Amino acid sequence: MIDLKTRIDRFSDQQRMIQESAASFFSDAGNYKRIRERRGIAPGYDQSVWKAMADLGWLGFWLPEKYDGMGLGFAEASLLLEQGGRALAPEPLISAALMAGGAILHGDNEGLKAECLPRLMAGDWKPALAWQEAESSQQTESSSVTAVAQSGGFALTGSKYFIPAAEGADAFVVAARTPSGTALFLVDKGSAGTVIETHPRVDGGFFGTLKLAGVRVSASRCVASPGMGRAVLDRVLDEGRLAASAELLGVMSRALEISVAYIRQREQFGRPIGSFQALQHRAVDLFILVELSRSVLAHGAAVFDASPDPARRAVAASQAKARCSDAALKVAKGCVQLHGGIGYTDECDIGLFLKKSMVLATWLGSAAHHRRRYGELVAEAV
Amino acid sequence: MIDLKTRIDRFSDQQRMIQESAASFFSDAGNYKRIRERRGIAPGYDQSVWKAMADLGWLGFWLPEKYDGMGLGFAEASLLLEQGGRALAPEPLISAALMAGGAILHGDNEGLKAECLPRLMAGDWKPALAWQEAESSQQTESSSVTAVAQSGGFALTGSKYFIPAAEGADAFVVAARTPSGTALFLVDKGSAGTVIETHPRVDGGFFGTLKLAGVRVSASRCVASPGMGRAVLDRVLDEGRLAASAELLGVMSRALEISVAYIRQREQFGRPIGSFQALQHRAVDLFILVELSRSVLAHGAAVFDASPDPARRAVAASQAKARCSDAALKVAKGCVQLHGGIGYTDECDIGLFLKKSMVLATWLGSAAHHRRRYGELVAEAV
Amino acid sequence: MDEQAFRLEVRQWIKENFPEEWRFPPHRLSLRQTETWQRKLYEKGWSAPNWPKEYGGMGLTAYQQISFQQAFDAHGINIAPNMAVTMLGPLLIRYGTEAQKQYYLPRILSGEIRWCQGYSEPGAGSDLAGLRTSAVLQGDHFIVNGQKIWTSYAHEADMIFMLVRTDKEAKKQEGISFLLGDMKAPGITIRRIKNLTGSSEFCEVFFDNVKIPKENIVGQLNQGWTMAKSLLGSERITIGSPRVAKYPLQLLGKLAKERGLMENPEFRAQYDALRLDVADLDATFVRFAEVLRRGEELGPEVSLLKIWITETYQRVTDLMIEITGEAAVLDEMLVLADGAQVHPANHYFASRPASIYGGTNEIQRNILAKAILELPG
Amino acid sequence: MDEQAFRLEVRQWIKENFPEEWRFPPHRLSLRQTETWQRKLYEKGWSAPNWPKEYGGMGLTAYQQISFQQAFDAHGINIAPNMAVTMLGPLLIRYGTEAQKQYYLPRILSGEIRWCQGYSEPGAGSDLAGLRTSAVLQGDHFIVNGQKIWTSYAHEADMIFMLVRTDKEAKKQEGISFLLGDMKAPGITIRRIKNLTGSSEFCEVFFDNVKIPKENIVGQLNQGWTMAKSLLGSERITIGSPRVAKYPLQLLGKLAKERGLMENPEFRAQYDALRLDVADLDATFVRFAEVLRRGEELGPEVSLLKIWITETYQRVTDLMIEITGEAAVLDEMLVLADGAQVHPANHYFASRPASIYGGTNEIQRNILAKAILELPG
């Protein structure tokens, strides 16, 4: 199978380098055997791989150089994330580093930035972002979780759901409602009044629920001041959506490669099944979805790199997440079908891709959600 | 192509007879050349064919024997109508006879029944049903067309749209709002205060608009008394939907036959294009839609023949119309594609099937409308 | 008894007899797991709705079988189909010796002998006629060597009905026979295959010089393919049964109701379309089942049921995943208000191979194209 | 000039110069019909956005071409594409002799010579290389005999660029040449073909001993297939241009707005999905157009644009028909509030052959399967 990316797209030297080093890193980290073995085991990823990523500076791929980060543009970062997707890497680069870390970066607490960001980059400390208050909701104005002012700080009460990498997190960036609007707070793991429940996911990872019962947070642990939280959340969520789209692209493109290779060699009726026109056309339809996803991601990265304007980024993020979520599920399902019976067995790698696609496609808003959001955001040309 | 109807279904002697005589009648009436030649010429169908149908007693296929009708069950009638669909026959068997005539039959004016039904059956007089008040609306409680009581009668005002075979109709059965609910009135063609506009349709037929400006109708021309009109309309509309489904089945099954025959003989790359798996599978998908339609129609006819219960009939009519409308459009479009470039030319018959499908699929409620209606009518088993 | 009364009786009896804790189960239950219930059905005379009365079946018409089955579905009964009832029984009735009928049919009904099916092989999936498991007649026994795959519940079965190659020289289809083997026979090894839902209904079965008595052949030597085809017909009508999609559709409805989606026009458009897809399949199923009731055989046309229902089933689980949001990717049961348990992801996974088993849907479309549309090869 | 300023200039200029009565026309307008406008474009230097500046083109980048085109679409300009600009020009620039470039390129730009394209034949549609129209060199002329079909606007054209068979003995692809012929030459007969919309853009062109001067060959004798393929590439990127679906999408939006459907969630789900299908194609188109801008050729991968946009286009017109209700089956213009006219049925019809022209979508999928996915034959 010819890679259209190498066939028609052109990359800078830096981009090629990032791509190659990521590909080789993930292949060194172990093949799908590693993924298989870690399934269902807390925290849902390899601490050693995380550390190795830190050594390469990747945990700060999104951080500006003034914080010693790599300060990659999204065009470059998405190449890195795509490789992670191809490898089905479970490490929480997006949720912990880009999103939870990003919330600290884009907040207004310089003290916390100085304290947390270097530790995060070093791989010694991991935050998780606890923002979601209801299933299928992408609402960033906190409502059910409240922060009530108390002497020198706040008391947080309520529950946050679907937190990736909650197991293994050292602290939570929690969004909560104050009378002046949403604020973000840093709540350390094990703080009095917190309970963490973890729920196993089909891909072998976990979602956490964080329950807060009057949890005391001092004012100095306020990541983003009241009223500012929503904008910070919107920013990191849209960045997360674009990043998740890049991972999805990696997942689907690798799934298709594996499947095309399979139908080239699997024989029935005395010939490779990939010689049957019906399977060829099915594979082509999946290929088209992969390439649309690649295009939309490139477009999204260009928009993000051109401007921090939240309105333009929201459109680009929804466009990318809508296509990549939809395409990844269709591609993964189609690939299972291309594999025939063996595709339904746990022994066959293709199922890992389906499960990963489901998780990423659903997380941060489904395709349907983002089509709706795009529809609301973009005035018709009519 | 093997006909699944003859392969797995079984028919009574009477059913076989009806089927065969209808097939031979429509083939005698002229092939698609006749359809082609009548396109765009008022009234949109052949008066001579209509007369010939009358001679066979078909105009009363739906009329009970006490009115000298054939009194066919829907299981039988749908076989007749299916043949009409296969022939793309434009004669208004459904709209004029079954529906407008049926409105008179199911109304409460015995005088009108005695006066009109024999003339209708004889082919000497044709009514049209004027009930629809807005595009895409299947509302049977009249609202914008009103009947105001006047000495010894009513004055009708308002407009009715999308009346099939309005050209050529001798009278209109008009639904209008009275203070006691919807009533039906018989308005003769050319009555003072009426204007008929005709609009050409893509299939070469016409839809009429009937404009009424204080049209005087005597009480003796009231087809269904105030308050009764809606139930009569609902009945004939659901009968019309089932009947239109039968026609749609005929249209799509013949379109598929023609197309399968075409791809068997058309050669490209030195072999019949019907030997390519992609086209085979496309044809199979259309075949499945045809057979689903046939099943749902048989089911609907059985429901109608078992009971006059409007609630059960409404469900069966919507189920049939939803499937047959959707299937016919998909089949006709797919058949155009199977024909390649030639399918887009006016010279090729397949386009006639697409156009007929569009008209029948849209008339009396689209697939989407009837899926919605079915959803509202049938309580979930949950 | 009129149909309405019978329907009510069935519902009532199920309600009184089916163990409450098995309703809407997280995974499909096996026949072994539900032995007490199978026994009750047997004692009631309800083991084999599709068999003629003379063989202890209920002799129901097609319509009646469907409405009978609906009562089970509606009650949240989800038990693996008894393939000995749906497939082996009708085949024995038609092709079996008197002795085979006398011995096996009552034991199928009573559940005394549980069966599994040995058709597919690693190299013979869609190309079933390419099977290579061999049976060589030596004295009074066939000696069987080879491997079967996708054998559901082999680990719970007493016997296997299977296709074997008895003539290696003949053309693919002409050297195949149909045997009944004892699963406890020496030389049989079973390996369970874990699937995407984490359960292991499927097995691989290995045969290493396994002896099967020669009287355990059904039909004539080397004539197994004809029967296999007829059996595939029955299998396709089983796989094509509307219930395949009805059960998940019902769960979809429950999930949607809890999520307040019944008034959401976007959801309703999809949901009602699916309900009609299933209802229309019902109407189609009736036409096909009528053929069987008339005592005739179904031909290649049955493939259309299989295609339609399996693809509908997949659309149902697609929508189920979509409306369940993040909870859809949890490997956990969702407990609904009425106590029913749903694992949306597992339904989603389980629907995937539906378009593969019993001949992939591509194969089914090839069959229809050639045998019904008579398109050239 | 920066892009934003240029965009504004374009919009302004179109607004001031495009005849109001031609906006959102009932049928696509032809180049001849819009001659005055073509002239204005030429004088402005805007005839050929895709050509290099040295040949009188605008030398726009891919991004710029798209945004340039958008301004036209948004204004409701619907004119048949100038295939001499999109296809012939780039081919002449690459393969033409100096004399051909000097003579034809300026005349393409100015519109002095209008062109049609002679590729397909009744027996050579998808199998284009099977073409049989022959050209035999006799002295200074080729003598052409045969028939072309689907030649758009042949009746309005001054010249034709065409593929002919110049070696009957060679393998299919190796005996084809590329000629430029005069449509007024003796021996040419044109028959217009009415299509489902009732209009007759397409023609059949019959050649009966038609003389074409031998210097009118482009490229080498019998080397036409290479160029044809490259041309097919350009054709596919033209057919794959997002505007194919954008214009009807815009009309769909107008219709929906008038029908109050913008707040209808069921409609919106479909409409927004279509908008994204087009937006994502935009993003994909940019990647492909970049290749051309780099001066490289597009290969078989361009088929994906063609498949996606034509099938999106059909989904747009499907929805257009659905929301227009009974009015959708009238053979009449609907006049919208802003004066735009729409004939939904004709858009529906016109979208059907989109998946056929320029190689059916089945052929495009075969190409991708073999050339890109490298699946076996």
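The structure displayed is predicted, hence computed values, not measured ones. To find a chain, count down the sequence lines: A is the first, B the second, and so on, and within it residues start at 1.
Using a 30° and 60° split on the angle between ring planes, H339(B) and Y262(B) fall in the parallel class, below 30°.
Among the candidates D277(C), D73(C), D282(C), D338(C), the residue making the largest number of heavy-atom pairs closer than 4.5 Å to chain B is D277(C). Options I263(B), D285(B), D3(B), L279(B) differ in how many heavy-atom pairs under 4.5 Å they form with chain C, and the most are formed by D285(B). Per-residue counts of heavy-atom pairs under 4.5 Å with chain C were compared for R271(B), E376(B), R7(B); the largest is that of R7(B). Contacts with chain B were tallied for V291(C), L276(C), D272(C); L276(C) has the most, counting heavy-atom pairs under 4.5 Å.
Proximity to chain B (any heavy atom under 4.5 Å) is shown, for N361(C), by neither the backbone nor the side chain. Heavy atoms closer than 4.5 Å to chain B are found nowhere in Q70(C), neither backbone nor side chain. Residue contact with chain B, scored on non-hydrogen atoms closer than 4.5 Å, involves the backbone of A371(C) exclusively. No part of K246(C) comes within reach of chain B, as not one of its non-hydrogen atoms sits under 4.5 angstrom from that chain. For A283(B), the parts lying near chain C are the backbone and the side chain together; criterion is any non-hydrogen pair under 4.5 Å. At a 4.5 Å heavy-atom cutoff, I273(B) makes no contact with chain C through either its backbone or its side chain.
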| request: I would like to know whether D326(B) and R371(B) meet side chain to side chain contact (heavy atoms under 4.5 Å, CB included); could you show each step before the answer? | output: CA-CA 10 Å; D326(B) 183 69; R371(B) 283 192 296 261; 4.0 Å; yes

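Between E311(C) and R365(C) there is a salt bridge, since a side-chain N of the basic residue sits under 4.0 Å from a carboxylate O of the acidic one. In this structure, R313(B) does not pair ionically with D238(B), as no charged nitrogen and carboxylate oxygen lie closer than 4.0 Å.
No hydrogens or angles considered: a donor-acceptor pair under 3.5 Å links the side chains of Q4(C) and R7(C).
Shown here is E263(C), whose CD atom has no more than 12 heavy atoms of other residues, nucleotides or ligands within 6.0 Å.
Considering E291(B), E257(B), E82(B) in turn, E82(B) is the only one that fulfils the salt bridge (charged side-chain N to carboxylate O under 4.0 Å, His left out) rule with K5(B).
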